[in-house]
Amino acid sequence: MSAQPSTPLALSEFAFEVQAGLATDGQKTLPCRYFYDEVGTALFQAISLLPEYGLTRADDRVIQASAGELADLLRTPVSVVELGSGTGSKTHRILEALSTRASVTYYPIDVSLTALQCCRRELSDVAEVVPVEASYLEGVTRAVSLRKPRERILTLFLGSTIGNFERSEMPRFLQQVRARLRPGDALLLGTDLEKAESRMTLAYDDPQGVTAAFNLNLLARINRELGGDFVIRDFAHEALYNRSERRIEMHLRSRRDQQVFIRDAGIEAPFRRGETIWTESSHKFELPEVRTLAADSGFDCVRQWVDQEWPFAENLLIAGGARV
Ligand code: AVI
């Protein structure tokens, strides 16, 4: 295909966001949701197995330990809606606990068809699986429209994905989820807690370089899908803990002065040596602030289960009566 100048109208959403993030004189940025193409998803699965990255295992342990109590706290019948289900591996235990009393319908929401197919394969033994290929909020809208009379909804937002939002955007997003639910419906929210700084930075800068490959894959994806000419070796992965914002920030630092052409975004982006592209924020939490976040979003936080090995909380939020 020949290189063509793109007009704003001709740009895909990905190309548009790449253009907006890189064609700036200020801090260059790329949205972290574009990490997850097939390669990025496989790399994230590898990250979750790393000894340095305890988050996924902690999430899993808390769920294993609390699923029975969670099922007791919820009134049946319950349908389960999961935001960004991935392969649904953590969810098996929750569905199993709920299904001991009544049959459960499970709506995994994901933009990846492969992930949804995997969910159906893995979870059909404990629930009726109805995959929803959509963005989070559109998916919730669709799933709740299928709710049966007198049925409660349990929404799952696991793995501390909420931490990848800007702090100011978190209540807004949860309010939008709340607006799609009814009073008494539930949200199980996973949040990674603050811990020793050295532990946190190692989790995002592992010695094997898996997280580096995950971060750099974003540039490789731009090359593959948007006709970019990033020389991947000319960028270095960096992860730092921002103490005042209480978040890990991942960046890609240019190793030299260079120009990068991205055909489908219609840009030639200049990079100075040492300049970075900010690719992800991973906010860390304290338990009381999760309760405040819940209240600000129209929920009551009724229970917090915490993993002791890798401080991580699973928070049970119940939609309050007042409309938000
Ligand atoms: C998906 N999300 C919660 C992960 C995190 O820890 O912020 C993504 C990730 N980035 C680097 N390692 C893992």
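Whatever order the structure lists them in is the order used to number ligands and atoms, beginning at 1. Note that the numbering runs from 1 along the sequence shown for the chain.
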Could you grab the distance from atom [atom1] of [X] to atom [atom2] of [Y], nearest 0.5 Å is fine?
| X | Y | atom1 | atom2 | answer |
| --- | --- | --- | --- | --- |
| Phe261 | Phe230 | CZ | CZ | 12.5 Å |
| Phe285 | Gln304 | CZ | CD | 11.5 Å |
| Leu188 | Lys90 | CG | NZ | 10.5 Å |
| Ile153 | Thr105 | CD1 | OG1 | 9.0 Å |

Near-ring test Phe214/Tyr53, centroid separation under 6.0 angstrom: no

Lys/Arg N to Asp/Glu carboxylate O, Glu289 vs Arg167, below 4.0 Å: yes

What does the contact table look like for ligand 1 (nitrogen or oxygen on each side, cut-off under 3.5 Å)?
from	atom 1	to	atom 2	distance (Å)
ligand 1	2 (N)	Asn164	OD1	3.0
ligand 1	6 (O)	Tyr53	OH	2.5
ligand 1	6 (O)	Tyr204	OH	2.5
ligand 1	7 (O)	Asn164	ND2	2.9
ligand 1	7 (O)	Ser282	OG	2.7
ligand 1	10 (N)	Glu280	OE1	2.8
ligand 1	10 (N)	Glu280	OE2	3.3

